[in-house]
Amino acid sequence: MAFWLAKTEPAECGIDDFARDPATAIAWVGVRNYQARNYLRAMAVGDEVLVYHSSCKLIGVAGIVRVTRAAYPDPSQFDPASPYVDPKSPPDAPRWSAVDMAFVARLPQLLTLDALRAMPALAQMPLLQRGNRLSVMPVTAEEFAAIRS
DNA sequence: GCCAACGTTGGC
DNA sequence: GCCAACGTTGGC
């Protein structure tokens, strides 16, 4: 099993949305960066994903979700009404992928960006590197354990 | 293939 | 709202 971290704006889709109905998976759509997309495609069912809230008041890791469906074409790229529409994506070779994820757990309390920076075990995380903008990234088992504990 | 312009991300 | 950082675009 592999571990990942995915950024999201909680106003759009945060840990609360997953926790509301743990039995129902939510499609993780809207990733429009090739490196992040490649990580989405590398996810397997059962992988655990840290949900990171960004562009909000309480920034940090809020909880954990699990991949319930591996990568498939992100429907929003073909939806003219979606902010994520990509007219240049070829229908016969969709450019962007989505995965489905379902609730696993909240962290006992949100781990703030400051708290993450204070953890030596996380010093190498891309998330914490200067100027980082990657929205989906791998997390080592050690990093995952440090955050979960 | 280079690179300047532009748009987006994301913390502050 | 600001702005640094970075990815993408498009002219050449």
Side-chain angles (χ1 to χ4, degrees), chain A residues 2-20 25-43 47-67 69-149:
Chain A
F3 301 103
W4 309 90
L5 180 144
K7 296 180 187 173
T8 185
E9 300 188 14
E12 187 183 355
C13 178
I15 197 68
D16 287 347
D17 297 285
F18 286 97
R20 195 166 297 129
I26 295 177
W28 197 276
V29 302
V31 169
R32 294 294 179 268
N33 166 281
Y34 285 104
Q35 194 179 356
R37 179 207 67 182
N38 292 342
Y39 286 135
L40 279 186
R41 290 182 177 178
M43 290 181 180
D47 284 0
E48 294 195 341
V49 182
L50 298 165
V51 174
Y52 177 87
H53 288 176
S54 70
S55 298
C56 60
K57 187 146 191 179
L58 270 178
I59 296 165
V61 175
I64 301 165
V65 295
R66 176 181 286 112
V67 177
R69 181 184 174 190
Y72 59 94
D74 179 344
S76 68
Q77 69 195 305
F78 300 122
D79 178 0
S82 169
Y84 302 125
V85 66
D86 181 358
K88 294 187 200 165
S89 181
D92 56 343
R95 191 176 282 184
W96 306 114
S97 298
V99 300
D100 289 354
M101 306 198 206
F103 183 73
V104 172
R106 292 179 191 273
L107 294 193
Q109 58 185 22
L110 182 135
L111 258 182
T112 66
L113 187 51
D114 280 348
L116 296 170
R117 290 194 193 283
M119 297 170 70
L122 306 184
Q124 302 306 313
M125 285 189 76
L127 177 74
L128 304 180
Q129 306 312 310
R130 174 185 180 79
N132 165 70
R133 291 171 50 179
L134 192 58
S135 62
V136 179
M137 68 192 75
V139 172
T140 68
E142 293 75 18
E143 290 163 347
F144 188 87
I147 289 174
R148 176 143 212 192
S149 65

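Naming convention: chains lettered A, B, ... in sequence-line order (proteins, then strands); numbering from 1 in each chain. Keep in mind that what you see is a predicted model, and the values were worked out from it rather than measured.
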On a heavy-atom basis, the closest approach of Phe78(A) and Pro94(A) is CZ-CB, 3.9 Å
Nucleotide N/O to protein N/O under 3.5 Å, stretch nucleotides 2-4 of chain B:
none

Report yes if the side chains of [X] and [Y] come closer than 4.5 Å at any heavy-atom pair, otherwise no.
{"X": "Leu113(A)", "Y": "Tyr52(A)", "value": "yes"}
{"X": "Asp74(A)", "Y": "Trp28(A)", "value": "no"}
{"X": "Leu58(A)", "Y": "His53(A)", "value": "no"}

May I ask you to check whether Arg32(A) and Ser89(A) show a side-chain donor-acceptor distance below 3.5 Å?
-> no
Distance in Å, Arg66(A) CZ paired with Phe18(A) CZ, rounded so as to fall on 0.5 Å steps = 12.5 Å
Of Lys88(A) and Asn33(A), whose closest DNA chain C nucleotide lies nearer the 5' terminus?
-> Asn33(A)
Answer yes or no: is there an ion pair linking Asp86(A) with Arg95(A), defined by an N-O contact shorter than 4.0 Å?
-> yes
Charged N to carboxylate O under 4.0 angstrom, Asp17(A) versus Arg20(A)?
-> yes
Can you name the atoms? Protein N/O to nucleotides 5-12 of chain B N/O, anything below 3.5 Å, with the distance.
from	atom 1	to	atom 2	distance (Å)
dG7(B)	N2	Arg133(A)	NH1	3.3
dT8(B)	O2	Arg133(A)	NH1	3.3
dT8(B)	O2	Arg133(A)	NH2	3.0
dG10(B)	OP1	Lys7(A)	NZ	2.7
dG10(B)	OP1	Arg133(A)	O	3.2
dG11(B)	OP1	Tyr52(A)	OH	2.7
dG11(B)	OP2	Ser55(A)	N	3.2

